[in-house]
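Notes for the one structure printed next.
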Amino acid sequence: MSRVGPWKVTEGDAKPEKLQPQPQDPYIELQHQLQDLGMEPQPQLQEPSFRSPYTLVWKEELEEALEAMRDNPWATDTDSFRTIWKAYEMTWDKIWAKPMSYKMTWDEFGVFNYFQHLHNVPEKKDLARKATARFWTETHGPKRAKPLRYCRKSPEGSVARSYLQKRAIGIPKKLMVAQPVLTRNGPSSHPSICSGAQASTHGAPSESCSVLLMEHVFGFSYGMPFVGNYTPPDCDFDRVVINFTVVSQGRQFDRIALMYFGDTEVWRTSTAEPTLPPGIRWTFIKDMTQYMYFWKSPQKLIFDLGNLIDDKYTGSFNTTLTATFFTARVEAATAPPADLIVPISARKGQANGASHFTLPADNASSAVTLPQNVKRAVFSISANGQASEEFWWANVLQSDVLTFRRTAGQLAGLSPFREVQLLIDGKLAGVQWPFPVIFTGGVVPGLHRPIVGLQAFDLREHQIDITPWLPVLCDGAEHTFAIKIAGLNTNESSNSTTLTDTVNNSWYVTGKVFLWLDEEGSVTTGTAPIVDVVGPTISLSRSITKNETGLNETLAFHTVVSRTLVVKSTVKSKNRVGESNWSQTLSYSNNALMSNFGLTELNNFTINGVDVATGPTTSYTAAYRYPLYCNQTYMSSSDGNLTISAQSIEGLELQVRGSSVFPTGLEAFGDGVPYGTSHLKTYRDGKAFFFRTANGTFGHGNTNQIFHFGGSRDPMTPSAQLHVDELYFRNVTAVNGSVVSDSERVEGAETYSLSRPTEIGAPFDLSRAFFADASEKTVGLVGG
């Protein structure tokens, strides 16, 4: 047995149960199901009176009927049920007429999928499977996209719903708790996720317009991203918000997804792991105003979601991506959109490819020549570990990878510390100590049902101000930007620990340079940057205990790392002269204990950082803290039984003040004097248990997340206690896959409240989830 880190479990079928005799008439099967539920059998349905199925009115009636039945599936003595039953019969009539060629429409597939439990009879099973396959692969399969097309203008400011979104109503939701974003009508919130709260703080709402960017099914999609052509809408706008909606069912790993304009990555997200029908759905709304440079001109849109479909992994991701454009009076302290954005990437957009680097296999560097009239420059890094680096925070020291080789197998090494480095012409310009993302298949599935981990749907980028480098970068010559990932390596002979030049497989990384320009023809000059790097200072301690037979039983190690970096120069642009500074102060600590002969692992992990940029006219400060506690146990037996249990406490604390490149959330709030500092603090505490035998899989789980977001007008200083106004609050709890309590406040006013009784710890069927470790994923093709 080889153990490479925390385990992943995907959803799907276990061994098939013994087949029971099936009735020949699917209607009889339906009656039997009603009787099993203690309900009265329904009389044989008569043909309902309705308009032609080819009219728009009928389409709307059918959609409403499907929504009603998904919300209340046992209401069989209703007009809604009679409507979808008749549509189901009509769909089968068409399939019987053309059994090898008929292609269902979206409406027909909606009712066909609703009654799919009636297809497991000999005369229908094969026909139903082939008809479904034709629908996905021939009608809505992973083909090259047509040019992107406009949606309707949206006087109410909401994103026009696609067929996919309409058919998702009634399917269980996944959610990631985050602060509202600014929509046309004010801050978005939980009850009205598309249109936002109605109490606008930004004056009279303007007319908005929406564009359908993508409607695509990612089936077997490795190396086959969606590609389309974006054209700016014919309306005035200075704000852009995207809506990403996904529906999925079946068995599948979580996958990472990257969105590009040409060679430039503009958003990174990941998927939830689907379940058996009816599956799952989720929607995420993101402010993308910082990319106005792209939105104002035609672009090639590339959306890369590498997925694998075969007999075992059956889940496709059915996606809709829309953008809403509008104008709003915003008085936030963030920087205006950049005048130019330069990618630091693999530059595969011309060939319709994804432009991320994969480390350590690639040389993640680009040589570029920047304009000479730059007055401010900020570099952003997007980096996430995948495959054997997905759980880098739970790795062990390189000297300990074989400590439990007889019980838990070889462990992943190079320490539980990672540093992402930016180098300009070979010199260190800044670093990122990455946030420990736990994707939705990580550790135990019950931890993510339905509340996904922090940042899982919105993988945050880190910004490094490189304005002090402008006197060098604006000389008209070519300069090299490089991204590297480092871990820690221990040298037992010299009793020393140093940064590594490489890591395990693999990290997906890209970068980009945001540039603000002076007048055409001006040249920025000044003094060469002085770089003062202290550290990293590394402290390690470790101990091993053995049992009476000499077998290693426990491994404890404590890792502490700290670093400071300061870059400064004098920058002379057309309208200003002054000193520009970039500084970072970082600390890291991880107390780790592996016990039970390597089958139980505890990590108590914290990163603290403060980044500061100052200049003649701009300033930026970010203070952040990433705590993580994870205690997990994995047990397997010779007869194939599997048990996983865990507790995970994820935290994120973030304060941002000044000219941030990315929206902070303050854009959605405040009249009069704007807030200067955003405050985000959230903790997500979950416990879950998973058990699999030859007879099925069971488990239980409960997760609670408390989310605070606020704004302050006080100056941000290290020692001062700032007054923070609460702008958004949410406290949500899920038990055994269902939200049992949920409360939300926007600017102090309650906007949503839910409470229902539950029994924490009660076992539940995990949709026959099965266990899979990272070795089951195809090397180089894993997306999460």
Side-chain angles (χ1 to χ4, degrees), residues 148-162 178-188 193-197 200-203 205-215 226 228-245 257-262 264-269 283-303 319-332 334-341 380 382 457-461 512 514 516 660-669:
L148 307 182
R149 57 195 184 273
Y150 291 116
C151 294
R152 60 176 172 85
K153 281 199 173 181
S154 170
E156 295 303 319
S158 62
V159 176
R161 289 195 303 161
S162 68
Q179 68 267 40
V181 301
L182 175 61
T183 69
R184 167 188 168 273
N185 289 322
S188 63
I193 194 166
C194 289
S195 60
S200 173
T201 61
H202 295 275
S206 64
E207 184 180 76
S208 63
C209 55
S210 298
V211 172
L212 177 63
L213 300 175
M214 174 180 70
E215 189 168 42
F226 168 90
N229 297 309
Y230 161 76
T231 302
D234 186 19
C235 64
D236 294 330
F237 64 93
D238 59 13
R239 309 292 305 180
V240 184
V241 172
I242 62 171
N243 178 307
F244 185 55
T245 295
L258 288 77
M259 174 183 171
Y260 302 87
F261 281 135
T264 307
E265 180 185 342
V266 295
W267 186 43
R268 184 175 296 203
T269 184
T283 292
F284 192 81
I285 296 177
K286 183 173 176 65
D287 190 339
M288 297 285 278
T289 303
Q290 70 270 24
Y291 296 113
M292 197 62 65
Y293 168 75
F294 292 117
W295 294 116
K296 290 290 187 178
S297 60
Q299 303 293 332
K300 177 186 286 187
L301 172 65
I302 300 173
F303 199 100
T319 65
T320 300
L321 179 67
T322 57
T324 297
F325 303 82
F326 59 100
T327 61
R329 186 182 74 250
V330 176
E331 297 179 347
T334 52
D339 299 312
L340 177 65
I341 301 175
S380 75
S382 184
F457 288 165
D458 187 28
L459 299 166
R460 180 175 172 267
E461 298 182 40
K512 51 187 167 286
F514 294 83
W516 289 261
S660 172
V661 172
F662 301 101
T664 63
L666 291 178
E667 300 79 13
F669 300 98

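Note: hydrogens, waters and symmetry copies are ignored here, and every other heavy atom, side chains too, is used.
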Checklist line | Close side-chain approach of L321 and M259, heavy atoms under 4.5 Å | finding: yes
Check: Which heavy atom of P233 sits nearest a heavy atom of C209, and at what distance?
Finding: CB-SG, 3.6 Å
Check: Between F226, Y230, F244, F261, which is the residue that forms a ring pair (Phe, Tyr, Trp, His ring centres under 6.0 Å) with F303?
Finding: F244
Item checked: Heavy-atom pair of closest approach, residues P187 and P180 -> CB-CB, 3.7 Å
Next item on the list: Enter the distance from I242:CD1 to I285:CD1 here, rounded to the nearest 0.5 Å.
Entry: 10.0 Å
Notebook entry, point to check: So among T324, V241, V266, which one has a side-chain contact (heavy atoms from CB on, under 4.5 Å) with M288?
Noted result: V266
Item checked: D238 to T327 - nearest heavy-atom pair and separation -> OD1-CA, 3.1 Å
Item checked: Spacing of L213 atom CG and T322 atom OG1 [to the nearest 0.5 Å] -> 7.0 Å
Notebook entry, point to check: Within the distance-only criterion (no hydrogens, no angle test), does the side chain of K512 pair as donor or acceptor with the backbone N or O of E265 below 3.5 angstrom?
Noted result: yes
Item checked: Euclidean distance, N243 CG relative to T245 OG1, rounded to 0.5 Å -> 4.0 Å
Notebook entry, point to check: Between A323 and V240, which heavy-atom pair has the shortest distance, and what is it?
Noted result: CB-CG1, 4.3 Å
Next item on the list: Using a 4.5 Å cut-off on heavy atoms from C-beta on, say whether the side chain of D458 contacts that of W267.
Entry: yes
Checklist line | Closest approach of G665 to F669 (non-hydrogen atoms, all atoms of both residues) | finding: O-CD1, 3.4 Å
Item checked: Donor-acceptor under 3.5 Å (Q179 side chain, T664 main chain) -> yes
Check: Where is the tightest heavy-atom contact between P337 and W516, given as atom of each residue plus distance?
Finding: O-NE1, 3.5 Å
Item checked: Any Q299 side-chain heavy atom under 4.5 Å of Y291 side chain -> no
Next item on the list: Evaluate the side-chain proximity of T334 to F662: yes if any heavy-atom separation is below 4.5 Å, no if none is.
Entry: no
Margin query: Parallel, tilted or perpendicular: which one describes the rings of F284 and F457, with boundaries at 30° and 60°?
Written below: perpendicular
Check: Which distance, rounded to the nearest 0.5 Å, do you find between the CG of L340 and the OH of Y293?
Finding: 4.5 Å
Notebook entry, point to check: About how many Å separate OG1 of T231 and CG of L301, when rounded to the nearest 0.5 Å?
Noted result: 11.5 Å
Note to self: Run the side chain to side chain contact (heavy atoms under 4.5 Å, CB included) test on F237 and M292 for me, step by step, so that the C-alpha distance in whole Å, both residues' side-chain angles and the decisive distance to 0.1 Å come before the verdict.
What the structure shows: CA-CA 10 Å; F237 64 93; M292 197 62 65; 3.5 Å; yes
Item checked: Intermediate values then yes/no, side chain to side chain contact (heavy atoms under 4.5 Å, CB included), L666 and V330 -> CA-CA 9 Å; L666 291 178; V330 176; over 6 Å; no
Check: Does D287 have any side chain to side chain contact (heavy atoms under 4.5 Å, CB included) partners at least two apart in sequence or in another chain, and if so, which?
Finding: V181, R239, T289, P663
Next item on the list: Calculate, to the nearest 0.5 Å, the distance between atoms OG and CZ belonging to S380 and F514 respectively.
Entry: 4.5 Å
